[in-house]
2 protein chains.
Amino acid sequence: MADGDTDARVTIRTVAADAGVSVAAVSKVMRNAYGVSDALRLKVEASIERLGYRPSVAARGMRGRTFTLGVLLVGIDNPFLPGIYQGIESVTESAGYKIMVGVGAARARTEVSLIEQMIDNRMDGLILVASQISGETMEHYARQIPIVVVGHHEPAAQGYDTINNDDQMGARLAVQAFVDRGHTDIAFVTQPEQDGDLADVAPQREIGYRAAMAAAGLTTRVLSLPSHGTPRDAQIHQILTAPDRPRAIFCWSDLDAVPLLSTAYRLGIRVPQDLALIGYDNSPVAGLSMVDLTSIDQDGPRLGKLGAEALFTRMNGRSSPEHILIEPKLIPRGSI
Amino acid sequence: MADGDTDARVTIRTVAADAGVSVAAVSKVMRNAYGVSDALRLKVEASIERLGYRPSVAARGMRGRTFTLGVLLVGIDNPFLPGIYQGIESVTESAGYKIMVGVGAARARTEVSLIEQMIDNRMDGLILVASQISGETMEHYARQIPIVVVGHHEPAAQGYDTINNDDQMGARLAVQAFVDRGHTDIAFVTQPEQDGDLADVAPQREIGYRAAMAAAGLTTRVLSLPSHGTPRDAQIHQILTAPDRPRAIFCWSDLDAVPLLSTAYRLGIRVPQDLALIGYDNSPVAGLSMVDLTSIDQDGPRLGKLGAEALFTRMNGRSSPEHILIEPKLIPRGSI
DNA sequence: TGATTTACGTAGAACGGTGCACGAAACGGG
DNA sequence: CCCGTTTCGTGCACCGTTCTACGTAAATCA
């Protein structure tokens, strides 16, 4: 805590005057640049300490780096974000970088505006988590600032990197788990793709589901939960009360799998006897004993860590794209 | 989307040159300041549109306002934050302000550093949600930037505003609900206060609990979940397997009430027959049919909305502090 | 019609930093 | 002892805005 109660901002000039050196000298000490003697450094550091000086990120950003990274999250209530964030933070903290978060609310408009906001704040790099933005738009911004995308597939992207779990494999793991338990009537519940965008995780999981079902010689059945129109709860209710309700459901995300389970419970549908269920993301709720939902874990902390590391190498000049895929894992619980 | 593929940044000078006017004129148009003819405005706006110009927040911050607010959140996995955030956003969005979020990880050190980061980024105001920072430190920063605190009691604060639900009343509602159902053995489960700080919500709820118990002529019993040492799960396990396990528990937050319920379920303790439970925050999980946890709702969206509104009036010059308390509500469910 | 106001547009100095180019010592080799 | 290198520290031109002060032309008033 600064002991002074001075309201006037301490600037680099204040420090320079206090230490009896030039402004440039203080700047050099701050950036520990070349050409500073120990004597000078000590003097300046003493003044900085005494005055409680902090450089203005805004001013600094106009020429050099800000040592701030932007992280864009789809929302704030998505249970798989905390793990990723923590993974990112573990890397950036030790590197002395600060993080500012933008909350996208899953609307492309908002996300674009937040990306621009981050660029305008002169951040040094961006990590976009589960972004809804099109590959083309992304390339556009990637020319202005180093970008890494986590949780969105775009394997052909040139200007930025992508870090993902292998969603197709995750889907195969789920189908396989059902098949192993003798199921044949396995449906896939998903949210509809945004304007035909196969890059999102849900379509990827659907591809994996279809492939696995075909390999097992089973017929596919895809149920969609449109984001507009009837409320999500009603849609889920409809799926569960339909006369041809599937015996097993692989749900694209715990985000919908948990409400699905909750509704089943309310309807008196026994799980797993009447309905077997597998979700995706292995959210904390899935692990509660009264929920006990089998789910595919994609190791969020690892994704975040890899994302941050990729961003750093890119910020340090790498220009060839990097597209990493890690292996998901099935966490078996009582719902199958 | 800008159609050009120019990597060079479009600055105010580019626009000025393109429109054939001075830099100051463009600035005036941007801020719709006084002394701009329609002809000039049109010319400039056309250029802005054509070039896809966006002012640099960083540069702008060096003299005027940035139209950016900082929101500091305790964590990212806390279920009562989304509501508050949404409430804040509903106000700021229509006012044309952008939001940048800082994630504090419930560590005072990190929070302070994020506040400084936000000041250094020249944000126009700050909303701190459930911050752990001491009142004294807060006053210090409040002299540098308008601050509103949500979810932390400091009714005597001079330099900043606080917005809260009435945590003492919330606790009374919980105790009353138990008493109405004939309970007498009612314990309060809480996390220990950080360095004797009574300003936090948990101690406030404890005060309310003690008062309500005294009013009902019952003896209090407070069980603490220390954040260090044994893991949270083990502590909960211990409380539930103790020979003198309470018949009813009022838990300071759903954050702990849900795991409590989960462990009870695993141990075969029947709820509410063997154990009645009330949480706080009415998190989405509490409403799931297999959880069905009674909880105190504090109307997060309203807290957020009031917080943002208070911040705006403060940014517009109000200097007298404002301390708002709203009424919480009990949401009865199957756990009592 | 001349004086005064009003409206518009422009220079140019901030703002708080960075980083290049340069000069002055100090150093060291021949 | 002279001259080329280093090593330090400084002056100054940026970065992209805002905003005050000012000049000029048009409009209003007497």
Side-chain angles (χ1 to χ4, degrees), chain A residues 6 8-45 47-48 51-68 116-124 144-145, chain B residues 7-45 47-48 51-68 98 116-117 119-124 144-145:
Chain A
T6 34
R9 171 141 198 134
V10 175
T11 77
I12 200 172
R13 280 165 241 278
T14 323
V15 177
D18 183 86
V21 297
S22 76
V23 169
V26 179
S27 176
K28 274 192 172 183
V29 171
M30 289 303 295
R31 298 170 289 137
N32 46 41
Y34 171 83
V36 187
S37 67
D38 287 354
L40 181 87
R41 148 162 289 114
L42 251 53
K43 260 197 305 188
V44 172
E45 277 172 350
S47 289
I48 288 176
L51 299 171
Y53 168 69
R54 280 176 289 125
S56 154
V57 179
R60 173 178 268 178
M62 296 192 63
R63 296 221 102 210
R65 351 185 86 188
T66 57
F67 297 99
T68 304
E116 296 188 339
Q117 174 79 1
M118 288 170 167
I119 294 175
D120 298 347
N121 265 302
R122 291 289 182 282
M123 305 197 166
D124 293 337
Q144 305 177 32
I145 187 172
Chain B
D7 288 3
R9 168 140 200 138
V10 175
T11 78
I12 201 172
R13 276 169 245 278
T14 324
V15 177
D18 183 87
V21 297
S22 76
V23 169
V26 180
S27 176
K28 275 192 172 183
V29 171
M30 289 303 295
R31 299 170 289 135
N32 45 44
Y34 171 84
V36 187
S37 67
D38 286 356
L40 181 87
R41 149 162 290 114
L42 252 53
K43 259 198 307 188
V44 171
E45 277 173 350
S47 289
I48 288 176
L51 301 170
Y53 167 69
R54 278 176 291 126
S56 154
V57 179
R60 173 177 269 176
M62 294 192 63
R63 297 225 100 209
R65 352 185 83 186
T66 57
F67 297 98
T68 304
K98 307 286 182 189
E116 297 188 338
Q117 174 79 1
I119 294 175
D120 298 347
N121 264 303
R122 291 287 184 282
M123 303 196 168
D124 294 336
Q144 305 177 33
I145 187 172

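Below, read A as the first sequence line, B as the second, and so on, with proteins coming before strands; counting in each chain starts at 1. All figures in this text were calculated on a predicted structure; none of them were measured in a lab.
Rounded to whole angstrom, the span from the CZ atom of Arg41(B) across to the P atom of dC8(C) amounts to 10 Å. Following rounding to the nearest Å, Met30(A) (CE) and dG19(C) (P) show an atom-to-atom distance of 12 Å. Between the P atom of dC15(C) and the CD1 atom of Ile119(B) lies a distance of 19 Å, rounded to the nearest Å. Whole-Å rounding puts the Arg31(B) CZ to dT20(D) C1' distance at 11 Å. Counting to the nearest Å, the C1' atom of dC15(C) and the CG atom of Asp120(B) are 14 Å from each other. One atom, CG of Asp124(A), and another, C1' of dT18(C), lie 14 Å apart when rounded to the nearest Å. Note: CD1 (Ile12(B)) to P (dC15(C)) measures 18 Å, nearest angstrom. The NZ atom of Lys43(A) sits 12 Å away from the C1' atom of dC8(D) (whole-angstrom rounding).
Nucleic acid contact class of Arg54(B) (heavy atoms, under 4.0 Å, all strands): sugar-phosphate only. Contacts of Arg122(A) with the nucleic acid, taken as non-hydrogen atoms under 4.0 Å apart, involve only primed sugar atoms and P, OP1 or OP2. Nucleic acid contact for Val26(A): none, since no nucleic acid atom lies under 4.0 Å from a heavy atom of the residue. Residue Ser27(B) is classed as a base contact, given a heavy-atom separation below 4.0 Å to a base.
Phosphate proximity of dG16(C) to Thr11(A): absent, as no side-chain N or O sits under 4.0 Å from OP1 or OP2. Residue Tyr34(B) places no side-chain N or O under 4.0 Å from the OP1 or OP2 atom of dT20(D). Within the 4.0 Å cut-off from OP1 or OP2 of dG16(D), not a single side-chain nitrogen or oxygen of Arg9(B) is found. Between Ser22(A) and dT10(D) there is a side-chain N or O to OP1 or OP2 distance below 4.0 Å.
Remark: Glu45(A) CD to Leu40(A) CG distance equals 9.5 Å, nearest 0.5 Å.
Comparing Val23(A) and Ser37(A) against DNA chain D, the residue whose closest nucleotide sits nearer the 5' end is Ser37(A). Residue whose closest nucleotide on DNA chain C sits further toward the 5' end, between Ala24(B) and Met62(B): Ala24(B). If you find the closest nucleotide of DNA chain C to Leu40(B) and to Arg13(A), the one lying nearer the 5' end belongs to Leu40(B).
When every heavy atom of Met123(A) is checked against every heavy atom of Ile145(A), the shortest pair comes out as O-CD1, 3.4 Å.
Evaluation of atom-type donor-acceptor distances gives a pair under 3.5 Å for the side chain of Arg63(A) against the base of dC14(D). At a cut-off of 3.5 angstrom, the base of dT17(D) holds no donor-acceptor pair with the side chain of Arg60(B). Between the side chain of Lys28(A) and the base of dG9(D), at least one donor-acceptor pair of N or O atoms lies under 3.5 Å.
Ion pair Lys98(B)/Asp124(B) not flagged as a salt bridge, since none of the NZ, NE, NH1 or NH2 atoms sits closer than 4.0 Å to an Asp/Glu carboxylate oxygen.
No side-chain heavy atom of Val29(A) sits less than 4.5 Å from a side-chain heavy atom of Val26(A). The shortest side-chain heavy-atom distance between Asn121(B) and Thr68(B) does not fall under the 4.5 Å cut-off. Counting heavy atoms from C-beta outward, Arg60(B) and Asp120(A) have side chains that stay 4.5 Å or more apart.
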